[in-house]
S.K.: 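I'd like to ask some things about the structure below.
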Amino acid sequence: MNDPLRWIDPIAADWAERGLERKPSVFAGSTRRGTIETPAGRVLINLASNDYLSMACDPRVVAAGKAAADRYGWGASASPLVTGLRLPHVELARDLAAFERTEAAVLFPSGYSAGVATIAAVVGKGDVVFSDRLNHACLIDGIRLSRAETIVYPHLDIQRLSELLGAERSRFRRALIVTESIFGMDGDAAPIANLVDLADRHDAMLMVDEAHATGVYGPEGRGIAAEQGVSERVPIKLGTLSKALGSIGGFVAGSNKLIGLLTNHARGLVFSTAIPPSAAAAANEALRIIAIDKDRRDRLLRLGVEFRAKLAERGIKTISPRGPIVPIVIGDPRETVALGERLRERGYVVAAIRPPTVPTGTSRLRLSLAAEIRLEDLEPLIQTLAEAKASGVIH
Ligand SMILES: *Cc1c(COP(=O)(O)O)cnc(C)c1O
């Protein structure tokens with residue numbers, strides 16, 4: 001019999017040969033924050049999670065999720081427009097809007113679907129989207145789905161974006177500028193204040209994806225736009241519940257008008273089941289803790305400063321100046337994976353990020369810090385990285 005899927009075999013072989021094959025690891029979970037346990041019971045320091053504030057297993061967050069599950073059951077059982085909404089969803093949307101200082105907010109099943117569905121709802125044929133070259137896949141996929149024209153600008157290059165807007169904007173009906181605030185794989189920040197001005201000057205909408213910044217940066221953890229003092233001038237704010245908020249789901253915050261449009265036209269919301277009420281309740285408890293626990297955020301940012309200083313002492317460069325995301329570019333995917341495995345032997349889980357997640361030739365170890373990790377915990381890691389530097393694996 002002919003195997004209709006035989007075309008996959010050479011592709012899979014090619015990826016394996018080039019060191020690009022992905023194999024999901026399984027973990028047995030963890031009770032101690034900042035760590036993760038292998039199925040064999042080995043406890044590793046987790047530098048490959050986006051749970052920057054260690055909220056995912058904070059006892060108060062877990063308790064809030066459990067209480068909501070007892071009260072509302074597990075699944076939401078329908079889309080938000082039918083019977084999927086429970087009180088925790090409504091309370092979370094209200095509290096997110098207050099946190100973001102917008103009129104309203106709306107929840108999505110994930111940050112990914114929020115990104116895709118929002119872009120596809122605000123632009124279409126005859127419109128144009130100006131997109132940073134390193135934007136997250138959900139933003140790229142949203143643009144593709146929208147059928148708007150895409151103009152990609154070089155990473156963080158405001159000068160070039162300004163020229164492109166000047167040259168191209170007038171050919172289109174609506175225009176959207178879209179960027180991450182903290183770039184997930186590079187950890188650097190976009191100049192949101194400049195983007196706000198450009199959007200204003202060229203009659204464009206601005207959408208900022210704060211997935212990696214919410215809870216971590218800015219006053220009360222309100223993100224990079226707030227840190228740069230321009231939060232209220234960003235009309236479309238995208239966030240996730242799955243990173244510093246330790247839960248699952250995505251959200252968009254903005255004006256009543258925007259949220260009304262998304263509620264009616266964002267297909268990733270209309271045609272998808274609401275997140276479990278317990279996930280909403282847990283996220284809201286995390287949001288509450290973040291607002292009152294400035295110390296946790298400060299500890300995380302301080303760890304970022306101290307860790308970078310230790311790396312710099314050994315001549316190791318990172319491509320982000322601050323914050324929990326500390327990428328170390330190796331270049332070759334196989335060497336990246338090999339160094340990641342060596343660190344695993346020393347007791348750390350780190351992500352070996354390779355194409356297509358990052359551009360070819362820029363494979364990297366992406367170390368992500370969490371508030372519960374201590375600098376002492378990282379000494380053997382720093383030692384291993386210093387050895388890799390000495391042997392030329394790290395340039
Ligand atoms: C992680 C991430 C998302 C997706 O969020 P999920 O809730 O995990 O689906 C969207 N945008 C950016 C920039 C991200 O880093």
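As the structure lists them, so they are numbered: ligands from 1, and atoms in each ligand from 1.
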S.K.: Does F183 have any ring pair (Phe, Tyr, Trp, His ring centres under 6.0 Å) partners at least two apart in sequence or in another chain, and if so, which?
M.R.: H155
S.K.: Is it possible for you to say whether L378 and L44 belong to one hydrophobic cluster, with membership spreading through side-chain heavy-atom contacts below 4.5 Å?
M.R.: no
S.K.: According to the ring pair (Phe, Tyr, Trp, His ring centres under 6.0 Å) rule, which pairs have a member within residues 345-395, sequence neighbours left out?
M.R.: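 Applying ring pair (Phe, Tyr, Trp, His ring centres under 6.0 Å) to every pair that reaches into residues 345-395, excluding sequence neighbours, yields nothing.
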S.K.: Need the list: ligand 1 N/O atoms against protein N/O atoms, distance under 3.5 Å, rounded to one decimal.
M.R.:
| unit_1 | atom_1 | unit_2 | atom_2 | d |
| --- | --- | --- | --- | --- |
| ligand 1 | 7 (O) | G111 | N | 2.8 |
| ligand 1 | 7 (O) | T240 | OG1 | 2.6 |
| ligand 1 | 7 (O) | S242 | OG | 2.9 |
| ligand 1 | 8 (O) | S242 | OG | 3.1 |
| ligand 1 | 9 (O) | G111 | N | 3.2 |
| ligand 1 | 9 (O) | Y112 | N | 2.9 |
| ligand 1 | 11 (N) | D209 | OD2 | 2.6 |
| ligand 1 | 15 (O) | H212 | NE2 | 2.7 |
| ligand 1 | 15 (O) | K243 | NZ | 2.6 |

S.K.: State, without any angle test, whether Y52 and H212 hold a side-chain donor-acceptor pair at a distance under 3.5 Å.
M.R.: yes
S.K.: Under the salt bridge (charged side-chain N to carboxylate O under 4.0 Å, His left out) rule, collect the residues that match up with E168, sequence neighbours excluded.
M.R.: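 R171.
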S.K.: Give the minimum heavy-atom separation between A190 and I224, together with the two atoms involved.
M.R.: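 Taking A190 first and I224 second, the nearest heavy atoms are O-CG2, 4.1 Å.
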